[in-house]
Number of protein chains: 4
Amino acid sequence: MKGLVYNGPRNVSVKEVPDAKIERPTDVLVKITSTNICGSDLHMYEGRTGVETGKVLGHENLGQVVEVGKAVDRIKRGDWVCMPFNISCGFCKNCEQGYTGSCLITNPGKAGAAYGYAEMGPYNGGQAEYLRVPYGDFNCLKLPDDAQEKETDYVMLADIFPTGWHATELAGVQPGDSVVIYGAGPVGLMAAYSAIIKGASKTMVIDRHPDRLRLAEQIGAIPIDDSKGSAADHVMEITAGEGADKGCECVGYQAHDPQGHERPNMTMNELVRTVRPTGGIGVVGVFVPQDPKAPDELSKRGGMAFDWGLFWSKAQRIGTGQAHVKAYNRQLRNLIHTGRAKPSFIVSHKLPLREAPQAYQHFDAREDGWTKVVLRPAA
Amino acid sequence: MKGLVYNGPRNVSVKEVPDAKIERPTDVLVKITSTNICGSDLHMYEGRTGVETGKVLGHENLGQVVEVGKAVDRIKRGDWVCMPFNISCGFCKNCEQGYTGSCLITNPGKAGAAYGYAEMGPYNGGQAEYLRVPYGDFNCLKLPDDAQEKETDYVMLADIFPTGWHATELAGVQPGDSVVIYGAGPVGLMAAYSAIIKGASKTMVIDRHPDRLRLAEQIGAIPIDDSKGSAADHVMEITAGEGADKGCECVGYQAHDPQGHERPNMTMNELVRTVRPTGGIGVVGVFVPQDPKAPDELSKRGGMAFDWGLFWSKAQRIGTGQAHVKAYNRQLRNLIHTGRAKPSFIVSHKLPLREAPQAYQHFDAREDGWTKVVLRPAA
Amino acid sequence: MKGLVYNGPRNVSVKEVPDAKIERPTDVLVKITSTNICGSDLHMYEGRTGVETGKVLGHENLGQVVEVGKAVDRIKRGDWVCMPFNISCGFCKNCEQGYTGSCLITNPGKAGAAYGYAEMGPYNGGQAEYLRVPYGDFNCLKLPDDAQEKETDYVMLADIFPTGWHATELAGVQPGDSVVIYGAGPVGLMAAYSAIIKGASKTMVIDRHPDRLRLAEQIGAIPIDDSKGSAADHVMEITAGEGADKGCECVGYQAHDPQGHERPNMTMNELVRTVRPTGGIGVVGVFVPQDPKAPDELSKRGGMAFDWGLFWSKAQRIGTGQAHVKAYNRQLRNLIHTGRAKPSFIVSHKLPLREAPQAYQHFDAREDGWTKVVLRPAA
Amino acid sequence: MKGLVYNGPRNVSVKEVPDAKIERPTDVLVKITSTNICGSDLHMYEGRTGVETGKVLGHENLGQVVEVGKAVDRIKRGDWVCMPFNISCGFCKNCEQGYTGSCLITNPGKAGAAYGYAEMGPYNGGQAEYLRVPYGDFNCLKLPDDAQEKETDYVMLADIFPTGWHATELAGVQPGDSVVIYGAGPVGLMAAYSAIIKGASKTMVIDRHPDRLRLAEQIGAIPIDDSKGSAADHVMEITAGEGADKGCECVGYQAHDPQGHERPNMTMNELVRTVRPTGGIGVVGVFVPQDPKAPDELSKRGGMAFDWGLFWSKAQRIGTGQAHVKAYNRQLRNLIHTGRAKPSFIVSHKLPLREAPQAYQHFDAREDGWTKVVLRPAA
């Protein structure tokens with residue numbers, strides 16, 4: 001089959017790779033019809049991770065079931081399904097508590113596995129014609145009748161919609177809250193969208209790319225351009241000097257200031273400053289324990305010069321980590337199905353798999369208008 | 001009346017000060033019979049805060065009501081009462097949500113007020129004969145018939161028992177959990193005691209003072225002496241390589257390593273290492289936004305070199321800040337009343353007020369056996 | 001001053017009554033500009049309660065502060081304020097836990113007080129020119145600059161918006177849920193509106209009055225007319241045989257079937273049937289411990305023939321009781337202020353106080369188009 | 001193999017039955033070494049259910065794994081395991097939310113399956129030599145090294161310890177609470193034990209069997225004998241007229257008054273009376289939707305004359321249903337392992353399987369001293 005393979009820094013190509021197939025009786029085999037390029041794919045693309053060459057990338061996958069293993073009871077051939085990016089067993093200590101993003105079985109020795117991802121197990125991704133889904137009964141979300149009609153919405157259930165939602169859960173967003181979100185990339189926009197769906201009263205989104213800020217405004221958020229002055233001052237003004245009730249970090253370890261310098265602690269220290277005393281902060285932007293190519297010594301070993309004293313004296317809370325997609329994907333699927341959510345507003349490009357390499361290039365360059373790419377391997 | 005006054009670094013004395021009295025119709029006036037010296041008093045004593053000279057210290061207070069203002073409805077003359085160290089109004093946005101430690105009314109411009117404390121409003125403390133209690137109906141916890149008999153237990157409701165409890169709440173301790181606690185000072189021991197009352201299965205306490213470790217063992221915790229080898233390794237061994245389910249920081253910004261060097265990030269980075277993926281960490285040790293006498297530049301401006309990448313990749317959560325005492329003091333009072341809790345096990349000394357200066361000296365030196373001092377102004 | 005007085009069953013009139021005034025230093029005196037007639041006023045109006053004659057009715061009140069007691073710190077003369085229908089102290093065991101609808105101080109011997117209400121303390125209501133507000137700092141919600149412009153929205157914060165919200169809280173409504181609501185009176189419509197604001201995926205509302213069902217549809221709910229066939233069957237069909245995730249009871253003890261017979265257990269037994277296994281049910285419709293004029297013996301003594309076996313075997317949960325308005329009114333005020341909520345859609349009539357008696361008559365008859373009346377005493 | 005078979009009302013016998021065996025690749029086969037007789041077995045024994053004749057009973061099972069299916073990854077031959085009485089899939093809507101007692105897959109058309117139980121699927125029980133465990137990776141709780149030494153403690157994890165715990169969870173028991181528990185049978189005693197482990201300040205247990213009341217007292221609860229006067233009056237006195245903070249129902253539909261008359265609504269109406277306003281009530285005693293042999297018409301169709309008006313006006317909450325054992329069994333196992341819990345205090349008899357019929361007879365007669373029977377099929 002064909003798959004998008006990582007060859008090295010800023011070098012990916014579509015190649016023939018061994019066919020995905022049923023390997024265990026609990027596996028499900030899915031023909032992929034939509035698979036997104038994710039912002040976190042760019043960490044790998046840019047060579048800022050230890051991902052092995054030859055790996056098929058792609059962890060935001062949707063398609064139709066073509067085969068099921070002998071122990072699969074719920075999922076049937078022909079079902080339309082969307083897979084959480086996390087691969088989880090369903091029966092370890094973490095999965096049992098709903099922490100499926102930190103599964104202890106599927107990536108032994110670490111907590112958490114994913115398709116086509118650095119450090120997250122030996123699994124190939126879904127930017128390919130077929131995908132093997134381990135523990136298929138647990139890891140496939142069944143889609144309703146309108147699966148194909150709303151495919152571009154449903155594919156967002158694999159990662160960015162639940163991840164944005166997770167940011168707001170970690171932050172503890174409640175109806176009526178004011179919320180500040182750092183980053184208007186796909187995840188930041190989904191966090192804003194989630195806050196709005198949950199009934200936030202004010203949702204502020206900070207970024208500097210005009211196309212992203214336009215999308216933020218379009219869904220009802222307040223866009224704040226941090227290249228045009230202090231974003232923090234702006235937030236304090238909008239919240240009458242109090243700070244936002246809750247905050248979300250949706251940028252991660254490669255944060256840059258408006259002048260283009262990498263400053264890994266910028267978003268977190270701004271959040272501590274712009275969130276009110278007793279407020280909560282959810283951090284879904286990716287951070288890593290080692291980052292040999294980081295700009296400074298502290299960052300290289302995964303550290304951050306964090307404004308801890310202010311954080312503590314404001315009695316704030318922080319929750320972190322990758323989304324436990326299964327905690328949210330049924331409910332979010334229902335919102336899409338009944339027309340209450342339409343996360344495809346984020347999509348700028350739908351392309352055949354063969355155009356994936358160029359898409360990586362444009363998306364990595366944050367070219368204007370390249371907000372989110374959906375690849376269509378079956379098209 | 002007589003009160004213990006801060007004169008400057010490591011200089012306190014008992015002096016005549018103006019009588020505490022009813023100033024507002026919502027005030028209550030209490031004759032103090034027990035008032036503790038707190039570990040956080042030592043930050044002031046050592047000159048590591050901006051506390052003004054002339055201030056009466058003391059925020060852990062218990063006594064008998066001698067007078068009530070005209071608008072006081074619930075509290076009566078003669079009632080035995082224990083006051084949370086936080087002074088709160090009961091009707092601001094934070095108090096309404098139960099965040100009485102971050103009251104927006106009693107210390108305008110900041111969040112949170114306290115008796116006799118740096119940066120926490122103009123209130124004198126209770127290491128004195130009398131104490132004025134603002135918003136008395138809200139801030140006095142009434143004690144039952146055995147108030148005098150169990151006075152040394154009940155006075156722990158002012159701060160350290162609820163503060164230790166808060167650490168376990170912020171960490172999210174559940175029955176059956178394993179818990180690691182950094183610091184076996186009064187607050188750390190109360191955190192351990194709280195975890196045990198809540199049904200933790202294993203409670204590990206890390207310190208190096210033999211008297212404190214003995215008390216930890218006595219209440220059923222596992223004492224770990226970090227001057228005898230790596231405490232972190234020990235925790236990992238006890239938890240079969242997994243890390244503790246939850247962790248508590250009960251040391252604060254003046255943490256020292258076993259060799260006596262001040263290392264403000266030591267406890268937090270150890271907690272990130274020794275708490276399991278998806279685990280929670282509660283931080284009640286005091287940290288400050290500015291610390292001009294800190295050992296390094298980052299700490300001087302309230303920053304910390306924190307192992308953020310590991311923290312994030314373990315999907316951990318952190319809650320911080322001073323305890324909201326009223327969230328717990330009724331329930332903890334009931335546990336004392338029915339004999340299920342006896343926090344006075346911590347007390348090493350009961351002394352008359354006039355001996356307070358010497359007591360500060362001994363306690364500040366962490367002399368063996370000086371675990372907790374109760375002053376008795378009326379004795 | 002003038003006030004609407006209860007003279008006996010179906011007999012109310014606007015009369016001269018003693019002026020409301022500051023009686024305690026914690027009181028606030030409010031000039032009432034908007035005060036609603038509530039569905040629960042009709043229980044009193046119809047003589048189905050023990051309310052004393054001569055009482056001024058009215059518990060949904062908004063106005064401007066004209067005087068404050070000497071112990072009032074937060075509220076100032078000139079403030080625009082909306083008062084929760086519950087009168088609460090802020091410092092009893094229930095208030096401290098946020099159960100301000102069950103205050104133990106303001107109505108001694110019972111739990112919970114209200115303005116102008118049967119069995120809920122000696123307080124006059126606000127269908128009058130002025131209202132005395134006890135514990136004013138605690139019981140007044142301050143309104144922002146647009147108080148007068150959006151007065152008809154903000155007055156809904158006194159009762160029905162928080163009460164509808166409370167129904168969804170008691171039921172445990174989460175984003176993505178399907179919700180079934182019995183009753184499309186003002187509270188039922190507010191419950192539907194609340195579910196929608198919180199991100200419910202499907203909100204079904206059962207009633208038989210065309211004007212109410214039209215409003216339900218207008219806000220995005222699915223109206224179900226139970227005079228046109230089995231509502232329960234309809235709900236099961238919409239939910240693919242599963243039942244709704246959550247349910248709300250917004251009718252109360254005077255429920256009638258479509259044929260007009262009073263059947264107090266109808267709504268609850270239908271809810272048990274139409275809510276899914278493990279689902280939650282919130283009950284804010286009023287029920288009473290004694291009801292001498294009830295149609296059967298069991299109901300007379302406050303009992304109900306409830307389908308307990310089915311309820312238990314479905315592992316459902318029920319939460320009940322009057323709303324704790326202060327738990328929600330700040331957040332809901334923010335939603336109104338930022339334009340995210342506009343509960344005034346419910347209002348059918350704005351009338352001067354002198355027309356109150358006729359308004360009671362029309363509203364009690366459930367005349368088409370009389371969905372909600374706002375009285376304007378100052379107009 | 002040998003198994004205890006239901007032949008009809010009050011008629012069970014140990015017979016040769018077809019061997020339990022691996023039927024699906026996800027199955028695990030367990031050699032049973034401990035299997036309890038449960039109070040809910042008596043509903044079947046007495047002929048008060050529709051259980052089919054020929055069924056092997058027994059849903060509280062522990063033993064050693066002798067074989068695993070090809071799709072089983074976590075559980076290995078030789079593992080000591082305890083099985084929740086619920087049989088659940090791990091991947092349906094209810095299981096995903098932790099409601100494993102209401103699994104939608106294992107008993108199609110209903111919610112929830114169990115071993116050897118009326119209306120809960122076609123599964124044989126474990127009062128036999130071997131047991132087939134469906135979805136073995138999900139349904140087997142692995143036991144530590146001390147499995148055999150503490151076998152009589154660990155077998156309580158199958159049902160009554162988690163069920164008692166569930167009662168306190170449904171009631172919302174918090175540290176410091178006062179709790180009233182109706183019924184001191186095995187589940188009631190486990191509810192009391194759970195409340196105490198969680199830090200309740202007062203735990204009152206109501207029953208009339210002296211052996212049970214003695215056990216209640218032995219674990220630190222306050223025993224109340226309802227054959228010696230009004231239990232409700234006693235509870236109100238102990239709680240200073242306020243009522244208990246929380247309550248638990250651990251009796252179920254065959255409740256009798258002290259005079260021996262069956263009164264299905266007795267315990268619930270007493271709970272409403274003796275629990276304080278805003279309090280929570282957890283109901284784990286079994287109730288059924290149809291009960292043809294009930295003493296009155298309402299009960300026959302699963303109804304109850306419930307004091308709804310008082311319940312509502314006290315703003316109480318009720319949670320019901322069978323325990324979701326997997327929500328608690330890991331944590332409770334840890335408490336047993338570290339010696340913090342020892343639920344075997346309940347056990348009065350350990351008997352070989354062949355004595356099961358007589359044991360049913362004695363236990364059904366509630367003979368003094370027959371509090372809990374553990375059968376040992378392998379002995």
Side-chain angles (χ1 to χ4, degrees), chain A residues 93-94 97-99 101-104 109-112 119 170 242 245 249 252-253 264-265 268-269 272 276-291 294 297-324, chain B residues 93-94 97-99 101-104 109-112 119 170 241-242 245 249 252-253 264-265 268-269 272 276-278 280-291 294 297-324:
Chain A
K93 178 174 172 177
N94 279 342
Q97 296 179 10
Y99 298 133
S102 303
C103 177
L104 300 167
K110 302 206 172 165
E119 319 283 350
L170 290 172
E242 192 184 274
D245 293 315
E249 205 288 346
Y253 71 115
N265 67 353
M268 282 311 309
N269 285 345
V272 168
R276 69 193 301 270
T278 75
I281 300 170
V283 186
V284 298
V286 173
F287 292 86
V288 292
Q290 288 90 31
D291 180 18
E297 284 310 305
L298 182 58
S299 302
K300 280 187 208 302
R301 56 176 204 268
M304 179 191 283
F306 180 52
D307 287 347
W308 186 270
L310 185 59
F311 170 58
W312 190 91
S313 64
K314 291 181 84 169
Q316 294 173 336
R317 283 161 289 120
I318 288 182
T320 71
Q322 292 193 329
H324 311 293
Chain B
K93 178 174 173 178
N94 279 342
Q97 296 180 10
Y99 297 132
S102 304
C103 176
L104 300 167
K110 302 205 171 165
E119 319 283 349
L170 290 173
E242 191 182 277
D245 293 316
E249 207 286 347
Y253 72 113
N265 67 352
M268 282 312 308
N269 284 345
V272 168
R276 70 191 300 270
T278 74
I281 299 170
V283 187
V284 298
V286 173
F287 291 86
V288 291
Q290 288 91 30
D291 180 18
E297 283 312 305
L298 183 57
S299 302
K300 280 188 209 302
R301 57 175 204 267
M304 179 191 283
F306 180 52
D307 287 348
W308 185 269
L310 185 59
F311 169 59
W312 189 90
S313 64
K314 292 181 84 170
Q316 294 172 335
R317 283 160 289 122
I318 287 182
T320 71
Q322 293 192 329
H324 311 293

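Reminder, nothing fancy here: chain letters follow the sequence lines and each chain counts from 1. Since the structure is predicted, the reported quantities are computational estimates derived from the model, not experimental observations.
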Short side-chain to backbone donor-acceptor contact, B:Glu297 and B:Lys300, under 3.5 Å: no
Under 4.5 Å from a heavy atom of chain B, the part of A:Val284 involved: backbone
Segment of A:Lys110 engaging chain B (4.5 angstrom heavy-atom cut-off): neither
Residue among B:Leu104, B:Leu170, B:Asn269, B:Val286 with most heavy-atom pairs under 4.5 Å to chain A: B:Val286
Gap between atom CH2 of A:Trp312 and atom CE of B:Met268 - 0.5 Å precision: 12.5 Å
Under 4.5 Å from any heavy atom of chain B - which part of A:Glu242: side chain
Distance (rounded to the nearest 0.5 Å) between A:Gln316 CD and B:Ser102 OG: 10.0 Å
Chain A interface, residue from B:Asn94, B:Thr320, B:Thr278 that has the most non-hydrogen pairs under 4.5 Å: B:Thr320
Proximal component of A:Val283, with respect to chain B [non-hydrogen, under 4.5 Å]: both
Interface residue of largest heavy-atom contact number with chain B, from A:Met304, A:Gln322, A:Arg317, A:His324, under 4.5 Å: A:Met304
Atom group of A:Ile281 that falls short of 4.5 Å from chain B, counting heavy atoms: neither
A:Lys314 with A:Asp307: basic N within carboxylate O range, under 4.0 Å: no
Contact origin within A:Ile318 toward chain B - heavy atom pairs under 4.5 Å: both
Choice from A:Gly101, A:Gly303, A:Ala111, A:Gly112 maximising heavy atom contacts with chain B below 4.5 Å: A:Gly303
Spacing of CH2 belonging to B:Trp308 relative to CG belonging to A:Asn265, to within rounding of 0.5 Å: 10.0 Å
Proximal component of A:Phe306, with respect to chain B [non-hydrogen, under 4.5 Å]: both
Residue, of B:Ala305, B:Pro264, B:Ser299, that accumulates the most heavy atom pairs under 4.5 Å with chain A: B:Ala305
